[in-house]
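Single-structure report; data block below.
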Amino acid sequence: MERRVAEQLRSTLGPLGLEAHALKVGWYNAVLQPAFHLPYPDDTLAFVVLSTPSMFDKALKPFVSKERLKIIRDPVDQCVSHHLSRLKEKFPDQRVDIMFDYELLPSRKPKFLAQTAAHVAGAAYYYQRKDVKLDPWGKKKIFGVCIHPKYGGWFAIRALLLFPAIQVPFLEQPRPVDCVSSEEKRIELLEQFNFHWQDGRYRDIIEVKERYSEEQKTYFATPPAERLRLLGLSQEAQ
């Protein structure tokens, strides 16, 4: 069943520049405090969904063009939501729960921790302060960051799909690729991400096979309120 679901997701999401990586809820819950646990049995099948650099041209621009006369507030979030909601139609006999990366619980905690989900699914390696042996930061707050073995930092974690009726006790957990393996590079990565994230250098901490186009870089570097104009949408019309 897991294989059939995975193949359906691959054939549906791949042409949109999206990837889906399988995990068990238990893998995720095992590495987090109870306050962040997902309320499903440990063997429940889930998939973490990533957007790759090609999503901008394959999904976002066609979505905006098609929805031009409707209200669009956040094009990327609405585009991903649109396609994942339609995905449910591919599984008429299954309940599919969707959690988006931007959704919060009433407690203001995120519905799921996206980078942890990507790591336990083997999709991208979540580099954190604990991965550095000789910590140079003292009392500074240091946030971790996921690096994809193919796209480096040129990707985003968008959602978690859960299939409550599908239990996969024998699913084997893949290890994420440790592509930033030296102490020196890990320190450089966390330094760049925490203190110089605006220039995007952390995204190229490894040699990548694909990165955002110049148009896409400009889009994400533009303040959100001005992005609609770049996609040919007038602020007034929206």
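Side chains are part of it too, since the values below use all heavy atoms of this structure and drop only hydrogens, waters and symmetry mates. In this chain, residues are counted from 1 in sequence order.
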Going by heavy atoms in the side chains, are [X] and [Y] under 4.5 Å from each other?
X: Leu84; Y: Leu13; value: yes
X: Asp77; Y: Phe100; value: no
X: Ile142; Y: Asp135; value: no
X: Met55; Y: Phe155; value: no
X: Tyr127; Y: Ile205; value: no
X: Val49; Y: Leu9; value: no
X: Val76; Y: Tyr219; value: yes
X: Arg186; Y: Asp178; value: yes

Side-chain donor/acceptor of [X] to backbone N/O of [Y], under 3.5 Å:
X: Tyr28; Y: Leu113; result: yes
X: Lys150; Y: Glu210; result: no
X: Gln8; Y: Lys90; result: no
X: Glu2; Y: Leu45; result: no
X: Gln94; Y: Ala165; result: no
X: Asn29; Y: Gly26; result: no

Under the side chain to side chain contact (heavy atoms under 4.5 Å, CB included) criterion, do Ile157 and Asp101 qualify, and how do the steps go?
CA-CA 7 Å; Ile157 305 157; Asp101 66 299; 5.6 Å; no
Rounded to the nearest 0.5 Å, what's the gap from CZ on Arg158 to CD1 on Ile98? Could you check?
->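 These two atoms lie 15.0 Å from each other.
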*How many angstroms lie between atom CG of Asp74 and atom OG of Ser81, to the nearest 0.5 angstrom?*
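Those atoms lie 10.5 Å apart.
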For the residue pair Tyr202 and Phe193, does the interplanar ring angle fall in the parallel (under 30°), tilted (30 to 60°) or perpendicular (over 60°) class?
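Taking Phe193 first and then Tyr202, their aromatic rings stand perpendicular (interplane angle over 60°).
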(request) Compute the ring centroids of Tyr125 and His119, then answer whether they are less than 6.0 Å apart. (result)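 Close enough - the centres of the two rings lie under 6.0 Å apart.
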Does this structure show an ion pair linking Arg4 with Glu7, if we count only N-O contacts that are shorter than 4.0 Å?
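Salt bridge between Arg4 and Glu7, a charged N being under 4.0 Å from a carboxylate O: no.
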**Q.** Pair Lys61 + Glu215: basic N to acidic O under 4.0 Å
**A.**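 Yes, Lys61 and Glu215 are salt-bridged.
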Query raised in the report: Do the side chains of Trp154 and Phe220 join up, straight or via other hydrophobic residues, at under 4.5 Å, putting them in one cluster?
Result: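 Yes, because Trp154 and Phe220 connect within a single hydrophobic cluster, where side-chain heavy atoms sit under 4.5 Å apart.
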* Knowing that exactly one of Thr52, Ile206, Leu50 qualifies, which makes a side-chain contact (heavy atoms from CB on, under 4.5 Å) with Tyr151? ->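 Among Thr52, Ile206, Leu50, the one that satisfies the side-chain contact (heavy atoms from CB on, under 4.5 Å) with Tyr151 is Thr52.
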